[in-house]
Amino acid sequence: MRRIAVTEELLDLVSIQQARYKLKLNFRSVLSAHIKMMALPRRTTLHAFHLLTLGLFLLSCYLSVIGQINVKGEKADNKHTAIVAVDAQEDDSNKEDEDGVEIQTYDEEDMEVFQPTSKWQTIKAGQAIPAGLHVQINLETGLKEAKLMEGDDGSRYRKVKDALSEQPNDGKDPLQVWSDGEHQGVANKEHPYFTKKELKEALKKFKASQDDVKDKEAAEKLRSQYRPIDELKKDYEQLKVNIESDIEIMQRLVKIYNASNASLEERQMALHDLEYYAHQIDNARDLVSIGAFHLIIQALNDTEQIIRQEAAFVMGSAVQSNPHVQVVAVDGGALQQLLRLISSTESFSVRKKAMYAMSALLRHFPYAQLKFLQLGGLSSFSTLFKETDVKMTSLKVKAVTLLHDMLLEHKLITEGDIPSDEVGQQRLNQYKLVNLLPAMLNQGWCDLIPTLLDVPDHDAREKILLTMELLLKPCQDHYQSIHVIERLSNLKEEYEQFASEEKMSNDGDEYFQGIFHLVGDIITRLQVNS
């Protein structure tokens, strides 16, 4: 690399010499132009005079600039600024790091720590300054300058230097940790700057374990609110959490239920927890695959009432919208057990869970519906209407609602568009085998359903009215009895008042208006066909 050092004084001298040489040339040019101008005509002389004036003006501007350069050179300090000529192939002043980011390097004197005073000091390129200084740009030089703020004696900046001098140093490590009260830092004892590597080393020297709370009393109070990390680690090691899959949990619950020494409470809780997992379709199928589903069917006939209740609950959750499990339940005799529970003198809670399981098993499953009719399911349901207990009213409504849904489902499938696929054809043929409506007419359901019009619950009334509307044509003669017509008329008057109040409230709800129109439609059709 070739280096040529040129001082500022030498530059100024060269500039002055060049200016004087140019001045001589310009003076000769002006004199020659003046002589030529004397020999020219008047008009031409006038133009030449203007050109000469312009030339003198430009010459005066140039001399003024040269004078400012000379003055500035005299006022400059004695620092020598070097101009370095570097061969292109050896120029590494700006290079890129491994990530392709350009890194600009600075001289060591530019990386010195800035020591602020009350006077303006020039900030060198790349030089860091402390926070809290007054910074400006010198309009004459274009450089940044900084000094202490008014009223600041600079003591806080000297504390770091004083604290550093008080710290012991073994002389081996240039990086030294200093502290002053709550302040802490790292300084370089050999150089007034840090390299990139030294900065990383300096950061490592800070104690990460140092408490943020300096007050001992406050620190102890804070520690008392939390458990030590070592104690938490020991508890975590002793915990040894064993994550089980759903099928493993169900196998464990079945094992608890089958244990010979299991108490009644343990068996009940095992079935109760099993119902939670049986809701999922895959878990219900796994319950069949591990051979545990037949235990649920057997539990429907257990000697303990609470076990029969929980078993019916598990059954209903497992077969709901799950054709694979529904087939296993029907073939395993679950329908017989559920019908027995519904029609027997069981407690209300057991019969309620059995009705839930029956409803889940029959909906959208014509194979089970056919078995239901063959096993005398309608007769089992009709026995509910012989019950005088008020609590049994809800079971009667559930039975009628289930029959309504099965009738509507049968009507939509058999009277709708003929399916073109093979699965749809098989499903249609299965529904055609389910003669639910004729069986209901033969067993007197046209007379049983209107008896529920006296229930006080509006939702139950709506379900009964919808069932009556669906059976209006085949049950018309039964509905035209004096008692039924009278009850329907009373309901119409009652819901007319509710609908009027609902309309006046203007809350957008039309529930009572819908029931009012439903009752009116049934009465109108009965009167037309009478």
Side-chain angles (χ1 to χ4, degrees), residues 226-338 341 349-369 371 402 423 426-427:
Y226 303 95
R227 299 173 61 189
I229 185 63
D230 295 335
E231 184 178 343
L232 290 175
K233 289 180 178 179
K234 291 180 180 179
D235 291 347
Y236 181 78
E237 292 176 357
Q238 295 175 359
L239 187 60
K240 294 182 180 179
V241 179
N242 183 22
I243 301 177
E244 295 178 301
S245 63
D246 287 356
I247 189 172
E248 291 174 340
I249 295 174
M250 291 191 297
Q251 287 175 335
R252 177 170 53 80
L253 293 173
V254 171
K255 186 176 181 181
I256 294 173
Y257 176 82
N258 274 333
S260 57
N261 59 346
S263 63
L264 177 61
E265 184 179 1
E266 290 175 338
R267 295 174 66 205
Q268 176 195 353
M269 290 305 300
L271 290 176
H272 182 79
D273 294 341
L274 200 60
E275 186 274 333
Y276 171 80
Y277 293 97
H279 273 101
Q280 298 185 21
I281 294 178
D282 292 338
N283 287 343
R285 292 183 178 182
D286 290 337
L287 201 62
V288 174
S289 64
I290 63 177
F293 195 74
H294 72 280
L295 294 176
I296 306 300
I297 299 176
Q298 292 176 3
L300 294 173
N301 196 31
D302 195 86
T303 56
E304 297 292 341
Q305 173 185 317
I306 189 64
I307 298 299
R308 295 194 297 270
Q309 176 181 330
E310 294 292 345
F313 196 20
V314 176
M315 176 67 64
S317 300
V319 300
Q320 193 169 29
S321 302
N322 200 333
H324 176 73
V325 183
Q326 286 175 332
V327 172
V328 176
V330 173
D331 293 342
L335 266 176
Q336 294 91 320
Q337 298 294 343
L338 293 174
L341 293 177
S349 58
V350 175
R351 298 170 87 173
K352 183 179 178 180
K353 295 298 183 184
M355 182 62 74
Y356 161 72
M358 179 67 71
S359 178
L361 186 57
L362 294 181
R363 293 179 189 276
H364 306 289
F365 191 37
Y367 176 65
Q369 295 175 13
K371 288 287 185 181
L402 175 58
V423 175
Q426 293 179 358
R427 185 177 181 83

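These numbers were taken from a predicted model, which means no experiment stands behind them. Numbers here are sequence positions counted from 1.
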Take atom OH of Tyr276 as the centre, draw a 6.0 Å sphere, and report whether it contains more than 12 heavy atoms from other residues, nucleotides or ligands. no
Can you tell me how far apart NZ (Lys371) and CZ (Phe365) are? Round to the nearest 0.5 Å. 10.5 Å
With a sphere of 6.0 Å drawn around CD of Glu265, does it hold more than 12 non-hydrogen atoms of other residues, nucleotides or ligands? no
Backbone N/O of Ser263 and side chain of Glu266: donor-acceptor pair under 3.5 Å: yes
Side-chain heavy-atom pair Lys352, Tyr356 within 4.5 angstrom cut-off: no
dist Gln251:CD -> Ser245:OG (nearest 0.5 Å) comes out at 7.5 Å
Looking only at atom types and distance, does a side-chain atom of Glu244 sit under 3.5 Å from a main-chain N or O of Ile249, one as donor and one as acceptor? no
Under a 3.5 Å cutoff, is there a donor and acceptor pairing between the side chains of Arg285 and Ser289? no
Can you find a pair of side-chain heavy atoms, one from Leu287 and one from Leu274, that are under 4.5 Å apart? yes
Using a 4.5 Å cut-off on heavy atoms from C-beta on, say whether the side chain of Gln320 contacts that of Met315. no
N/O donor-acceptor pair under 3.5 Å between Asp286 side chain and Ile247 backbone: no
Starting from the C-alpha separation in whole Å, work towards a yes-or-no answer on side-chain contact (heavy atoms from CB on, under 4.5 Å) for Val350 and Gln305. CA-CA 7 Å; Val350 175; Gln305 173 185 317; 3.5 Å; yes
From His294 NE2 over to Ile296 CD1, what is the distance, rounded to the nearest 0.5 angstrom? 9.5 Å
Look only at the side chain of Arg308 and the backbone of Thr303, and say whether a donor-acceptor pair between them is shorter than 3.5 Å. yes
To the nearest 0.5 Å, how far apart are CD in Gln309 and CG in Leu271? 11.0 Å
Quick one: does Asn283's side chain have a donor or acceptor within less than 3.5 Å of a partner on Tyr277's backbone? yes
Heavy-atom distance under 4.5 Å between the side chains of Asp273 and Met250, does that happen here? no
Find the distance between CD (Gln326) and OH (Tyr367) and round it off to the nearest 0.5 Å. 12.0 Å
Worked verdict on Leu341 versus Arg351 for side-chain contact (heavy atoms from CB on, under 4.5 Å): CA-CA 6 Å; Leu341 293 177; Arg351 298 170 87 173; 5.7 Å; no
Going through the checks in order, is the side-chain contact (heavy atoms from CB on, under 4.5 Å) test met by Arg363 and Leu402? CA-CA 8 Å; Arg363 293 179 189 276; Leu402 175 58; 4.1 Å; yes
Contact between Val319 and Val328 at the side-chain level, heavy atoms closer than 4.5 Å - yes or no? no
If we ignore hydrogens and angles and just use 3.5 Å, is the side chain of Gln369 paired with the main-chain N or O of Leu362 as donor and acceptor? yes
